[in-house]
Number of protein chains: 2
Amino acid sequence: MSGAPVTIGEAARATGVSAKMIRYYEETGLIAPAARTRSGYRLYVASDLHALRFVRRARDLGFAVEDIRALLALWHDRARASAEVRALALAHVTDLRRRIDALEDMARTLEDLAAHCGGDARPDCPILDDLAAGPPPKPAATPTRGSRAGKASALPLRSR
Amino acid sequence: MSGAPVTIGEAARATGVSAKMIRYYEETGLIAPAARTRSGYRLYVASDLHALRFVRRARDLGFAVEDIRALLALWHDRARASAEVRALALAHVTDLRRRIDALEDMARTLEDLAAHCGGDARPDCPILDDLAAGPPPKPAATPTRGSRAGKASALPLRSR
DNA sequence: GTGGGGCTTCCCACGGTGGGAAGGTCAAGG
DNA sequence: CCTTGACCTTCCCACCGTGGGAAGCCCCAC
């Protein structure tokens, strides 16, 4: 229960955020600059640790750092509307689902190909054949490349 | 059907790999250095385009560039055993599935939280509460998961 | 006072991708 | 012949989040 400030190493251990990342978050303004000892050591009190755990949890849920910035702002705004938070979360879910679908497509395709691949000592291999054939034929009529559509967020993932 | 060599821009258009990326792949040794005109322009023949399409397709299937290096080697090795290719593909599928599961967990958790969130003008919000609570309690019992096991490949994703 | 572990800052790397500057080349059109 | 504009070249920078490591303080226990 000691409310005494701790150094960055302890904060890291206590929150699961590496010291490196804590400094990075501070540098980029995601978290407030920590207090310092006279000799320059960063010091963290309970509320700082709380914020760090918040960030950690949000990262675990796949939020990009920029999203977390917004979430933190809402967290600190005691008058926020829960609708705002909800919207943020659901937008993120949409993003996650899109990525899941993309990965799922890849996995299914590869499983299909693998299923038709002997997997023996012979060289014939539908997997390589598929790769060599290049991009799959466009499924539909549409102007041979309406393709250039929406950029999908550069997945903030890590699994650690 | 002209077998005439094309410049990098045409190669890019023909294969769906940007000129930037073609140069990058060459630089990193993924593809062989292109032939050059006397004035230094890169020139691509049909087999080069074929290789580029191969790379493109493999990227589309989520393979990391390093994996593609191996796949290309197998492709060029006419005596390869299809088992090798299959193993590579299935290892990648495993990886994809792991990532899918992770994303799925995130999405489900967020959906759960959102479901219990009023989403109105009031400030109470289980989503923020959850984030503020930090990492979820260990599911306990079982040998605390084999958890910190395998490093999960740093997701080669892009959706373009 | 000395050793070792912590802290500081600073730079570098990764995977892939795009942006853009500064300059060379090439073909078409005046 | 010369200009124009599209294309090519190399080179550096940025993104995002993370880790590695060097060089140099600081602090505590012995």
Side-chain angles (χ1 to χ4, degrees), chain A residues 4-31 33-44 52 55-56 58-69 92 95 99 102 148 151-160, chain B residues 4-31 33-44 52 55-56 58-69 92 95 99 102 148 151-160:
Chain A
V6 296
T7 57
I8 202 171
E10 295 226 25
R13 261 164 268 137
T15 62
V17 180
S18 75
K20 275 267 160 46
M21 281 304 103
I22 296 177
R23 293 195 196 97
Y24 172 73
Y25 292 150
E26 175 179 323
E27 191 188 276
T28 58
L30 185 65
I31 57 171
R36 301 280 188 138
T37 64
R38 250 161 302 140
S39 54
Y41 282 27
R42 285 176 182 80
L43 289 179
Y44 298 87
L52 283 171
V55 172
R56 171 61 143 88
R59 291 289 299 142
D60 282 349
L61 289 174
F63 283 99
V65 169
E66 279 319 299
D67 294 343
I68 301 179
R69 204 180 295 279
H92 181 47
D95 200 52
R99 281 148 57 180
R148 269 324 30 96
K151 62 172 311 180
S153 81
L155 15 161
L157 248 230
R158 352 86 324 132
S159 0
R160 233 173 2 90
Chain B
V6 296
T7 57
I8 201 170
E10 295 226 27
R13 260 165 267 138
T15 64
V17 180
S18 75
K20 274 259 146 70
M21 280 303 103
I22 296 177
R23 293 193 196 98
Y24 171 74
Y25 293 151
E26 175 180 323
E27 191 188 275
T28 59
L30 186 65
I31 57 171
R36 301 282 189 135
T37 64
R38 250 162 302 140
S39 54
Y41 283 25
R42 286 177 182 79
L43 288 179
Y44 298 87
L52 283 171
V55 171
R56 171 59 143 89
R59 292 289 300 141
D60 282 349
L61 288 174
F63 284 98
V65 169
E66 280 317 301
D67 294 343
I68 301 179
R69 204 180 295 280
H92 181 48
D95 199 52
R99 280 148 58 182
R148 248 14 334 127
K151 60 171 313 182
S153 78
L155 16 162
L157 247 232
R158 351 98 305 150
S159 357
R160 227 170 355 97

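Please read these numbers as outputs of a predicted model, since none were measured by experiment. Side chains are part of it too, since the values below use all heavy atoms of this structure and drop only hydrogens, waters and symmetry mates. In the text below, chain A, chain B and the rest are named by the order of the sequence lines, each starting its count at 1.
- When atom types are taken as modelled, the side chain of B:His92 and the backbone of B:Leu61 share a donor-acceptor pair closer than 3.5 angstrom.
- The phosphate of D:dC27 (OP1 or OP2) has a side-chain N or O of A:Ser39 nearer than 4.0 angstrom.
- Residue B:Glu10 contributes atom CD, which lies 16 Å from atom P of D:dA6 at whole-angstrom precision.
- In this structure the side chain of B:Val6 never reaches within 4.5 angstrom of the side chain of B:Leu43, judged on heavy atoms.
- Taking atom OH of A:Tyr44 as the reference point, atom P of C:dG6 lies 16 Å away to the nearest angstrom.
- Looking at the side chain of B:Ala64, the nearest of the listed nucleotides C:dG16, D:dC7, C:dC7 is C:dG16.
- Partners of B:Glu10 by side-chain hydrogen bond (donor to acceptor under 3.5 Å, both in side chains), not counting sequence neighbours: none found.
- For A:Arg59, the listed nucleotide lying nearest its side chain is D:dG17; candidates were D:dT9, D:dG17, C:dT17.
- One can find a donor-acceptor pair under 3.5 Å joining the base of D:dG21 and the side-chain atoms of A:Lys20.
- As rounded to whole Å, 11 Å separates atom P of D:dC12 from atom CD of B:Glu27.
- The separation between A:Arg23 atom CZ and D:dC16 atom P is 21 Å, rounded to whole Å.
- Between A:Leu30 atom CG and D:dG17 atom P the separation is 9 Å, expressed in whole Å.
- For the pair B:Tyr25 and C:dT17, the criterion of a side-chain N or O lying under 4.0 Å from OP1 or OP2 is met.
- You won't find any donor-acceptor pair under 3.5 Å spanning the side chain of B:Tyr41 and the base of C:dC26, going by distance alone.
- Evaluation of the side-chain hydrogen bond (donor to acceptor under 3.5 Å, both in side chains) rule for A:Thr28 yields no partner, not counting sequence neighbours.
- Here A:Arg36 pairs with A:Glu26, A:Arg42 under the side chain to side chain contact (heavy atoms under 4.5 Å, CB included) rule; sequence neighbours left out.
- Note on B:Ser18: only backbone sugar-phosphate atoms sit closer than 4.0 angstrom, heavy atoms only; bases stay farther off.
- Atom P of nucleotide C:dG24 and atom CZ of B:Arg36 are separated by 16 Å, given to the nearest angstrom.
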Output field dot_bracket for DNA chain D (Watson-Crick or G-U, both distances under 3.5 Å, | for other-strand pairs) contains ||||||||||||||||||||||||||||||

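- Summary of the strand contacts: A:Gly40 and B:Met21 both lie near DNA chain C, and taking for each the nucleotide with the nearest heavy atom, the more 5' one is attributed to A:Gly40.
- Which of D:dT10, C:dC7, C:dT17 sits closest to the side chain of B:Arg42 comes down to D:dT10.
- Residue B:Ile8 contributes atom CD1, which lies 15 Å from atom C1' of D:dA6 at whole-angstrom precision.
- Between D:dT9, D:dG17, C:dT17, one nucleotide has an atom nearer to the side chain of A:Tyr24 than all others, and that is D:dG17.
- Between B:Glu26 atom CD and C:dT17 atom C1' the separation is 17 Å, expressed in whole Å.
- In this view, B:Tyr25 and B:Val17, B:Met21, B:Leu30, B:Ile31, B:Val55, B:Arg59, B:Val65 satisfy the side chain to side chain contact (heavy atoms under 4.5 Å, CB included) rule, not counting sequence neighbours.
- At least one side-chain heavy atom of B:Ile8 sits less than 4.5 Å from a side-chain heavy atom of B:Tyr44.
- Distances shorter than 4.0 Å separate some side-chain N or O of A:Thr7 from OP1 or OP2 on C:dC7.
- Residues passing the side-chain hydrogen bond (donor to acceptor under 3.5 Å, both in side chains) test with A:Ser18: none are found, sequence neighbours excluded.
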